[in-house]
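These notes are about the structure you will find just below.
Small disclaimer: the values here were computed from a predicted structure and weren't measured. Values below: every heavy atom of this structure, side chains too, minus hydrogens, waters and symmetry copies.
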Amino acid sequence: QVQLVESGGGLVQAGDSLRLSCAASGRTFSSYVVGWFRQASGKEREFVAAIRWSYDTTNYASSVKGRFTISRDNAKNTVYLQMNSLKPEDTAVYYCAASRRTIPAGNPSLYDYWGQGTQVAVSS
């Protein structure tokens, strides 16, 4: 069993930066796919970014490519999402998710473990 805890959300202005963290307990992230998803009010959950721990390869949604960076810290068993040049449309609850299986990174239904979410609000 893996427990995921997100942190780092907050209220910022457009153009600002935030770094979200996803810390895992119970198991290490080794061999997992770890993804970030977000859900704005009244909208479906959407893929943001993912990292395949063993290969250190990454995927990004087109809406965040060039602005967001996903990374990992082996020693801390933590995945980060560095968000730069934030826009009001980035406002959402951000969730961390993980799967031990080899899955398409962008499909939320294929992830096995989810965190509780952290709110990001970007004002214009």
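Annotation: side chain of K87 is not in contact with side chain of V122 (no heavy-atom distance under 4.5 Å). The shortest side-chain heavy-atom distance between V34 and C96 falls under the 4.5 Å cut-off.
In this structure, F47 and F37 have perpendicular ring planes: the angle between them is above 60°, well past the 30° mark. Using the six-membered ring where Trp is involved, Y95 and W114 have ring planes that are perpendicular, over 60° apart on the 30 and 60° scheme.
Of all heavy-atom pairs spanning A49 and L81, the tightest one is CB-CD1, 4.1 Å. In terms of heavy-atom proximity, G9 sits nearest to T118 at N-OG1, 3.2 Å. In plain terms, the two heavy atoms of D90 and R67 that are nearest each other are OD2-NH1, 2.8 Å. When all heavy atoms of V2 and R27 are compared, the pair lying nearest together is CG2-CB, 3.8 Å. Contact between A14 and P88 at its shortest, heavy atoms only, is CB-CD, 4.2 Å. For the residue pair Y111 and P104, the shortest heavy atom distance occurs at CE1-O, 4.5 Å.
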Atom pairs and distances, side-chain donor-acceptor, residues 17-25, under 3.5 Å, sequence neighbours left out:
unit_1: S17; atom_1: OG; unit_2: N84; atom_2: OD1; d: 2.9
unit_1: S25; atom_1: OG; unit_2: Q3; atom_2: OE1; d: 3.3

Check: residues 54-62 side-chain donor-acceptor pairs under 3.5 Å, at least two apart:
unit_1: S54; atom_1: OG; unit_2: S31; atom_2: N; d: 3.3
unit_1: D56; atom_1: OD1; unit_2: R72; atom_2: NE; d: 3.2
unit_1: Y60; atom_1: OH; unit_2: I70; atom_2: N; d: 2.9

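Distance OG/S123 to CG/D16: 8.0 Å, rounded to 0.5 Å.
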Next item on the list: Apply side-chain contact (heavy atoms from CB on, under 4.5 Å) to F68 and L86, showing your working.
Entry: CA-CA 9 Å; F68 291 9; L86 283 162; 3.9 Å; yes

Margin query: One pair to check against side-chain contact (heavy atoms from CB on, under 4.5 Å): V33 and R101. What are the steps and the verdict?
Written below: CA-CA 7 Å; V33 175; R101 297 172 290 164; over 6 Å; no

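Looking at Q39, R38, Q119 one by one, the single match for side-chain hydrogen bond (donor to acceptor under 3.5 Å, both in side chains) with Y94 turns out to be R38.
Cluster annotation: Y113 and W36 are assigned to the same hydrophobic cluster (Ile/Leu/Val/Met/Phe/Trp/Tyr, side-chain heavy-atom contacts under 4.5 Å, transitive). The cluster map of Ile, Leu, Val, Met, Phe, Trp and Tyr, joined by side-chain heavy atoms under 4.5 Å apart, puts L110 and V79 in different clusters.
Judged purely by distance below 3.5 Å, without hydrogens or angles, the side chains of D73 and T78 never pair a donor atom with an acceptor atom.
Checked against the 6.0 Å centroid criterion, the rings of W53 and Y32 do not qualify as a close aromatic pair.
A donor-acceptor contact shorter than 3.5 Å links the side chain of Q116 to the backbone of E6.
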